[in-house]
Peer 1: 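A single structure is presented below for examination.
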Amino acid sequence: KFFIPGLLTFPEENQERYPIMILIVNSGCGYNFRNFTYGFDIKNQGVATLELDNCKPRGLSEFNPIAAGNSQKLTPWMGAADALHALKFLQNHPKVDADKIGITGFSWGGQATLWTGIDLVRKSIVGDKVDFALRVPYYPYCRYFDDPKYSRNKLHFFIGELDAVPPKYCREMS
């Protein structure tokens, strides 16, 4: 239903194939200075980045973000689906190491990052054999699932005890 654009950037050193990290926007619908510097740091480690723009195709922007009452226009489930379709795209990219594709996001983006690992979502889009090698959600809103049947690949949460989003369910998921 939507064409999701992205900015694919490779590190300066020349390699045949690169590991890559997909970056997901936060609920503000933009890549602010924090995201820019984080992406810059990732590229300095020899890892390519793909910055997805989940918002623009849905009529959202920094001036009309998800956080401004638009949570039904772009849910974390939709963000997870967008990211999984990007994973499928990157699997066949000639400059990408298909076994070294990760994903990260802050807040809303962290939640979408986290939900890419739920088997019901993941397997319906990419099947059984394709998955992210690494998931790094920053202060996502974790929720309780009875048994999410989650990916066995690496998952690293970054969330603080005093963050506005309580880490309780993230601990239980992990």
Side-chain angles (χ1 to χ4, degrees), residues 1-2 4-10 17-27 31 35 38-39 41-43 45-55 58 66 71 74-161 163 165-174:
K1 186 174 179 179
F2 295 101
I4 307 299
L7 176 63
L8 180 59
T9 310
F10 293 96
R17 296 168 72 95
Y18 296 86
I20 188 167
M21 198 69 154
I22 295 175
L23 306 176
I24 303 284
V25 296
N26 58 37
S27 63
Y31 288 100
N35 301 92
Y38 192 60
D41 291 341
I42 290 170
K43 283 188 275 295
Q45 298 299 313
V47 178
T49 59
L50 173 61
E51 300 173 27
L52 292 183
D53 185 350
N54 310 72
C55 292
R58 294 173 173 97
I66 302 164
S71 60
L74 181 52
T75 68
W77 298 109
M78 293 173 188
D82 294 346
L84 288 162
H85 283 287
L87 174 63
K88 275 178 36 176
F89 165 77
L90 291 170
Q91 287 290 308
N92 298 312
H93 194 287
K95 291 183 77 173
V96 171
D97 183 339
D99 294 326
K100 294 182 180 176
I101 302 173
I103 183 170
T104 188
F106 292 85
S107 189
W108 181 93
Q111 192 173 358
T113 295
L114 178 63
W115 291 4
T116 64
I118 296 172
D119 282 353
L120 179 66
V121 177
R122 183 175 56 85
K123 289 181 179 182
S124 69
I125 296 172
V126 296
D128 285 340
K129 295 184 179 23
V130 176
D131 197 359
F132 287 107
L134 172 66
R135 288 174 179 82
V136 185
Y138 285 84
Y139 52 91
Y141 177 75
C142 296
R143 54 184 277 191
Y144 177 77
F145 294 102
D146 285 334
D147 181 6
K149 292 186 175 69
Y150 200 82
S151 168
R152 300 218 182 274
N153 287 2
K154 292 180 182 178
L155 172 65
H156 296 278
F157 287 102
F158 288 89
I159 189 167
E161 197 64 41
D163 282 345
V165 177
K168 177 183 180 215
Y169 295 129
C170 293
R171 262 193 235 106
E172 289 175 6
M173 275 189 84
S174 61

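We number each residue from 1, following the sequence as shown. Hydrogens, waters and symmetry mates play no part in the numbers below; they use all other heavy atoms, side chains included.
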Peer 1: D97 side chain to P19 main-chain N or O, any donor-acceptor pair under 3.5 Å?
Peer 2: no

Peer 1: Hey, what do you get for CG (L155) to CG (L134), rounding to the nearest 0.5 Å?
Peer 2: 8.5 Å

Peer 1: Kindly give the heavy-atom pair with the smallest separation between W108 and S27, and that separation in Å.
Peer 2: CB-N, 3.6 Å

Peer 1: Applying salt bridge (Lys or Arg N to Asp or Glu O under 4.0 Å), name anything that partners K123, two or more places apart in sequence or on another chain.
Peer 2: D119, D128

Peer 1: Within this structure, what is the CD1-CD1 distance for the pair I103 and I22, rounded to the nearest 0.5 Å?
Peer 2: 5.0 Å

Peer 1: Looking at side-chain heavy atoms only, is the closest gap between Y150 and L114 below 4.5 Å?
Peer 2: yes

Peer 1: Can you check whether R58 reaches I4 side chain to side chain, under 4.5 Å on heavy atoms?
Peer 2: yes

Peer 1: Say you draw a straight line from OG1 of T116 to CD1 of I24; how long is it, rounded to the nearest 0.5 Å?
Peer 2: 8.0 Å

Peer 1: Would you please say whether a donor-acceptor pair under 3.5 Å links the side chains of K43 and T9?
Peer 2: no

Peer 1: Heavy atoms, side chains only, cut-off 4.5 Å: are Y18 and V96 in contact?
Peer 2: no

Peer 1: Indicate yes or no for a side-chain donor-acceptor contact from T104 to the backbone of V136 under 3.5 Å, with no hydrogens or angles considered.
Peer 2: yes

Peer 1: For S107 and N26, test the side chains for any donor-to-acceptor distance below 3.5 angstrom and give the result as yes or no.
Peer 2: no

Peer 1: Evaluate the side-chain contact (heavy atoms from CB on, under 4.5 Å) criterion for residues V130 and I125: first the C-alpha distance (whole Å), next the side-chain angles of each, then the deciding distance (0.1 Å), finally the verdict.
Peer 2: CA-CA 9 Å; V130 176; I125 296 172; over 6 Å; no

Peer 1: Pairs of donor and acceptor atoms involving the side chains of residues 86-95, under 3.5 Å and at least two apart or interchain, shall be tabulated with distances.
Peer 2:
| residue | atom | partner | partner atom | Å |
| --- | --- | --- | --- | --- |
| Q91 | NE2 | A98 | O | 3.3 |
| H93 | ND1 | K95 | N | 3.0 |

Peer 1: Considering all heavy atoms of both residues, which atom of S151 and which atom of R122 are nearest to each other, and what is their separation?
Peer 2: CB-NE, 4.0 Å

Peer 1: For the atom pair SG (C55) and CG (L74), what is the distance rounded to the nearest 0.5 Å?
Peer 2: 5.5 Å

Peer 1: Rounded to the nearest 0.5 Å, how far apart are CG of D131 and CG of L84?
Peer 2: 8.0 Å

Peer 1: Looking at every heavy atom in both F10 and A48, which two are closest together, and how far apart are they?
Peer 2: CD2-CB, 3.6 Å

Peer 1: Answer yes or no: does atom CG of L120 have more than 12 heavy-atom neighbours from other residues, nucleotides or ligands under 6.0 Å?
Peer 2: no

Peer 1: Please name the pair of heavy atoms, one in A83 and one in L52, separated by the smallest distance, quoted to 0.1 Å.
Peer 2: CA-CD1, 3.9 Å

Peer 1: Of the non-hydrogen atoms in C170 and I159, which two are nearest, and what is the gap between them?
Peer 2: SG-CD1, 4.1 Å

Peer 1: Would you say that F158 contacts Y139 through its side chain, given a criterion of any heavy-atom pair below 4.5 Å between the two side chains?
Peer 2: no

Peer 1: For F157 and C142, work out which heavy atoms get closest and say how close.
Peer 2: CE2-SG, 3.6 Å

Peer 1: Kindly compute the distance separating CG (D82) from CG (N54), expressed to the nearest 0.5 Å.
Peer 2: 4.5 Å

